[in-house]
Amino acid sequence: MNAFKEKVYRQMETAEELLHLYAELEKKKKMRDFLMAMDILDSAEQMNAQLQELDRKLKEVQEVFDQLMNEVINTPSQ
């Protein structure tokens with residue numbers, strides 16, 4: 001049962017990281033849209049680069065989340 005609890009705990013930590021990344025992504029999208037609306041294009045382009053990096057991190061963490069979820073699901077019950 002300890003192995004199962006450990007896997008669930010790791011899964012919860014990964015879920016928290018995903019939520020944080022999603023929130024950060026949404027915040028930066030709003031900032032980029034604001035900068036573009038104000039015609040501050042240099043800053044908007046920089047924000048777009050940050051969004052691309054966040055999106056890459058989000059995909060990586062999502063893959064880890066999916067892998068951990070599969071481990072949790074496939075853990076034999078005792």
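We use all heavy atoms of the structure for the numbers below, so side chains are in, but hydrogens, waters and symmetry mates are not. This chain uses plain numbering: 1 for the first residue, then up along the sequence.
No salt bridge links K57 with E60; every basic N to acidic carboxylate O contact stays at or beyond 4.0 Å.
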Tabulate below the donor-acceptor pairs under 3.5 Å that side-chain atoms of residues 15-39 make, not counting sequence neighbours, or state none.
| unit_1 | atom_1 | unit_2 | atom_2 | d |
| --- | --- | --- | --- | --- |
| K28 | NZ | Q50 | OE1 | 2.8 |
| R32 | NH1 | N48 | OD1 | 3.2 |

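For V72, the side chain to side chain contact (heavy atoms under 4.5 Å, CB included) criterion is met by F4, K7, V8, Q11, not counting sequence neighbours. By the side-chain hydrogen bond (donor to acceptor under 3.5 Å, both in side chains) test, N70 pairs with no residue at all, sequence neighbours left out.
Taken from CE in M47 to CG in L54, the straight-line distance is 10.0 Å, to the nearest 0.5 Å.
Under the 4.5 Å side-chain heavy-atom criterion for ILVMFWY residues, no single connected hydrophobic cluster contains both L68 and F65.
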Worked check of side-chain hydrogen bond (donor to acceptor under 3.5 Å, both in side chains) between D66 and Q62: CA-CA 6 Å; D66 292 344; Q62 183 67 53; 3.0 Å; yes
